[in-house]
Amino acid sequence: MYTPDPDRYADMPYRRTGRSGLKLPALSLGLWHNFGPDRPAETQRAILRRAFDLGVTHFDLANNYGPPPGAAESALGDALKADFTHHRDELIVSTKAGYLMWPGPYGEWGSRKYLLSSLDQSLGRLGLDYVDIFYSHRPDPETPLEETMGALHSAVQQGKALYVGVSNYSAEQTREAARILAELGTPLLIHQPRYSMLDRRPEDEGLLDTLDELRVGSIAYSPLEQGLLTGRYLNGIPEDSRAASDSPFLSADTVTEELVGRLRTLNEIAASRGQSLAQLALAWVLRGGRVTSALIGASSPRQLEDSVAAIGNLEFGEDELARIDEVVKQ
């Protein structure tokens, strides 16, 4: 029987999510990859147990995470039943709906029918009565935003979600979503954008400024830029890497000699701080407290531990930030 570490809350910083009463760990565990039938169940459970022992209380999913779609939610549901039955109220479990989950016209996007049906299916796979956060995973260009936000509001009213969020919405779409939800009486809690040292769009397109103004929290996904901001690509493309596979998320063409050179320089900056490149990248996203949490993935407890060690040094000098900008933007 799993017994959590009694000191699990000693080191992890917890940050208030916008103007809500909810605090999230600075690092949250994303179950996008590495959770499904193609990975040993005991390894998956070991990662979740180690995360909780390190104070990572937030597990983030979507309906189609796997593979196959739904597998990650089922894997977490099994782990929750086996290891976390007595700790549900210490956990934040989030899921999303928006991308393709089943065939036909009602299996994706942002209709009320799809979102609420998907949430019911997610709860069944997770074995839960409610999730803590339910997201609209992407804006739907053909469904009125009032309908999509109304479905999120209904999820809260039905007791199937405690909070709601959006992901991949522009600054303007986020502002309108927040307005609609406020009128309904269900505040927008959080936005989940893609954000990293190499992907500055939330800064450049005004999303972070909008979230600050609205007092909405944020949780960054892909802070390691699909593995580019780790040590894996410092000498080119490893044969067993994502870039060497047929992954739609990172192609070999992306890993140019020029990019590898910049990664090596960033790695030198990390070493001067006593960090790995991955730790530097996570610390950079979390710098200054503007981002509530950063999502990390893990294929083993050791990899998880390496990422969590980033919280040991989240402070940057102006010269360090300027040097990073010089390297990234050159």
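The figures here come from the full heavy-atom set of this structure, side chains too, leaving out hydrogens, waters and symmetry mates.
Using modelled atom types, no side-chain atom of T148 and backbone atom of L145 make a donor-acceptor pair closer than 3.5 Å. No donor-acceptor distance shorter than 3.5 angstrom exists from the side chain of D60 to the backbone of L295, with no hydrogens or angles considered. Side-chain N or O atoms of R49 include none that pairs as donor or acceptor with a backbone N or O of P301 at under 3.5 Å. No donor-acceptor distance shorter than 3.5 angstrom exists from the side chain of E73 to the backbone of L61, with no hydrogens or angles considered. Remark: the backbone N or O of D199 is paired with a side-chain donor or acceptor of S196 at under 3.5 angstrom. Using modelled atom types, one side-chain atom of T265 and one backbone atom of G261 make a donor-acceptor pair closer than 3.5 Å. Looking only at distances, no side-chain donor or acceptor of D132 sits under 3.5 Å from a matching main-chain atom of L162. At least one donor-acceptor pair under 3.5 Å links the side chain of R15 to the backbone N or O of L286. Between the side chain of R200 and the main chain of M197, a donor-acceptor pair closer than 3.5 Å is present. Formation of a donor-acceptor pair under 3.5 Å by the Q279 side chain with backbone atoms of D306 is found in this model.
Looking at heavy atoms from C-beta onward, H137 lies out of side-chain contact with V166 at the 4.5 angstrom threshold. When side chains are defined from C-beta on, I219 does not count as touching V291, because their heavy atoms never get closer than 4.5 Å. L76 places a side-chain heavy atom less than 4.5 Å from the side chain of V93. You'll find the side chain of L229 stays beyond 4.5 Å of the side chain of L282, heavy atoms only. The shortest distance between side-chain heavy atoms of S218 and Q192 does not fall below 4.5 Å. No side-chain heavy atom of L48 sits under 4.5 Å from any side-chain heavy atom of V56. Side chains of I296 and V308 form a contact here, defined as non-hydrogen atoms less than 4.5 Å apart. For the pair L321 and D319, the minimum side-chain heavy-atom distance is 4.5 Å or more.
For the residue pair E205 and S170, no side-chain donor N or O sits within less than 3.5 Å of a side-chain acceptor on the partner. Side chains of R112 and S154: a donor on one and an acceptor on the other come within 3.5 Å. Side-chain atoms of Q226 and S222 include a donor-acceptor pair closer than 3.5 Å. Under 3.5 Å, the side chains of Y2 and D53 contain a donor-acceptor pair of N or O atoms.
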Exercise for review: Using the salt bridge (charged side-chain N to carboxylate O under 4.0 Å, His left out) rule, take E268 and R264 through it: C-alpha gap first, then chi angles, then the decisive distance, then the call.
Suggested key: CA-CA 6 Å; E268 292 171 2; R264 289 173 178 167; over 6 Å; no
Point to revise | Test side-chain contact (heavy atoms from CB on, under 4.5 Å) applied to L116 and Q158, step by step | key: CA-CA 10 Å; L116 295 180; Q158 294 169 4; 4.3 Å; yes
Exercise for review: Apply the test side-chain contact (heavy atoms from CB on, under 4.5 Å) to residues L91 and L80: give CA-CA distance (whole Å), side-chain angles for both, the deciding distance (0.1 Å), then the verdict.
Suggested key: CA-CA 10 Å; L91 294 173; L80 291 174; 3.7 Å; yes
Exercise for review: Might you work through the side chain to side chain donor-acceptor pair (under 3.5 Å) test for S118 and N63, ending with a clear yes or no?
Suggested key: CA-CA 7 Å; S118 177; N63 56 356; 2.9 Å; yes
Practice item. Go through the steps to decide whether L54 and D5 satisfy the test side-chain contact (heavy atoms from CB on, under 4.5 Å), and finish with yes or no. Key: CA-CA 8 Å; L54 293 171; D5 188 329; over 6 Å; no
Check your understanding: side-chain contact (heavy atoms from CB on, under 4.5 Å) between L277 and L234: does it pass, once the steps are laid out?
Key -> CA-CA 10 Å; L277 177 55; L234 295 176; 4.2 Å; yes
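Here W109 sits alone; no ILVMFWY side chain lies under 4.5 Å from its own, so it joins no hydrophobic cluster.
Using a 4.0 Å cut-off between a side-chain N of Lys or Arg and a carboxylate O of Asp or Glu, R88 and D129 do not qualify as a salt bridge. One finds a salt bridge joining R179 and E183 here, because a Lys/Arg side-chain nitrogen approaches an Asp/Glu carboxylate oxygen to under 4.0 Å. Under a 4.0 Å N-O distance rule, the pair E203/R287 qualifies as a salt bridge. Look at R125 and D78 and you find no salt bridge, because none of the NZ, NE, NH1 or NH2 atoms lies under 4.0 Å from a carboxylate O. Classification of E320 and R323 as a salt-bridged pair fails, no side-chain N sitting under 4.0 Å from a carboxylate O.
Residue pairs meeting the ring-ring contact (aromatic ring centres under 6.0 Å, His included) criterion with at least one partner in residues 296-315, sequence neighbours excluded, do not occur; the list is empty. A ring-ring contact (aromatic ring centres under 6.0 Å, His included) check over residues 181-231, counting only residues at least two apart or in different chains, returns the pairs Y195-W284.
Ring-plane geometry between F59 and F84 is classed as perpendicular, the angle between the planes exceeding 60 degrees on a 0 to 90 degree scale with a lower cut at 30. Taking the six-membered ring for Trp and thresholds of 30 and 60 degrees, Y114 and W102 have ring planes inclined between 30 and 60 degrees apart.
Between atom CZ of residue F134 and atom CG of residue L123 there is a gap of 8.5 Å, rounded to the nearest 0.5 Å. In this structure, CG in L188 is found 13.5 Å from CZ in R215, a value given to the nearest 0.5 Å. Taking CG of L100 as the reference point, atom CG of N64 lies at 8.0 Å (rounded to 0.5 Å). One distance of note links CE of M101 with CD of E108; it measures 12.0 Å at 0.5 Å rounding. Atoms CG and CD, from L184 and E146 in turn, are 9.0 Å apart once rounded to the nearest 0.5 Å. A distance of 7.0 Å separates CG of L24 from OG1 of T57, quoted to the nearest 0.5 Å.
Here the shortest heavy-atom pairing between P193 and P202 reads CB-CG, 4.1 Å.
Transitive grouping of hydrophobic side chains (ILVMFWY, heavy atoms separated by less than 4.5 Å) keeps Y163 and V216 in distinct clusters. No continuous path of hydrophobic side-chain contacts links V156 to L189 [ILVMFWY only; heavy atoms under 4.5 Å]. Hydrophobic clustering (ILVMFWY, side-chain heavy atoms < 4.5 Å, transitive): Y65 and Y135 are in distinct clusters.
A search for side chain to side chain donor-acceptor pair (under 3.5 Å) contacts involving H58 returns S28, S94, not counting sequence neighbours. For Y9, the side chain to side chain donor-acceptor pair (under 3.5 Å) test picks out E90, with sequence neighbours left out. With sequence neighbours excluded, no residue forms a side chain to side chain donor-acceptor pair (under 3.5 Å) with R16.
Note that R138 lies in the cation-pi zone of Y99, set by a 6.0 Å cut-off to the ring centre and a 45° limit from the axis. Figure legend: cation-pi geometry between R175 and Y169 absent, as NZ or CZ is not positioned both under 6.0 Å from the six-membered ring centre and within 45° of its axis. Geometric assessment of K113 against the ring of Y106 yields a positive cation-pi assignment under the 6.0 Å and 45° thresholds.
Under a cut-off of 6.0 angstrom, the local environment of CD in E315 is sparse, with at most 12 non-hydrogen atoms contributed by other residues, nucleotides or ligands. Within 6.0 Å of atom CD in E42, more than 12 heavy atoms from other residues, nucleotides or ligands are found, so the atom counts as buried in its surroundings.
The one candidate from L181, V131, I190 that meets the side chain to side chain contact (heavy atoms under 4.5 Å, CB included) condition with V164 is L181.
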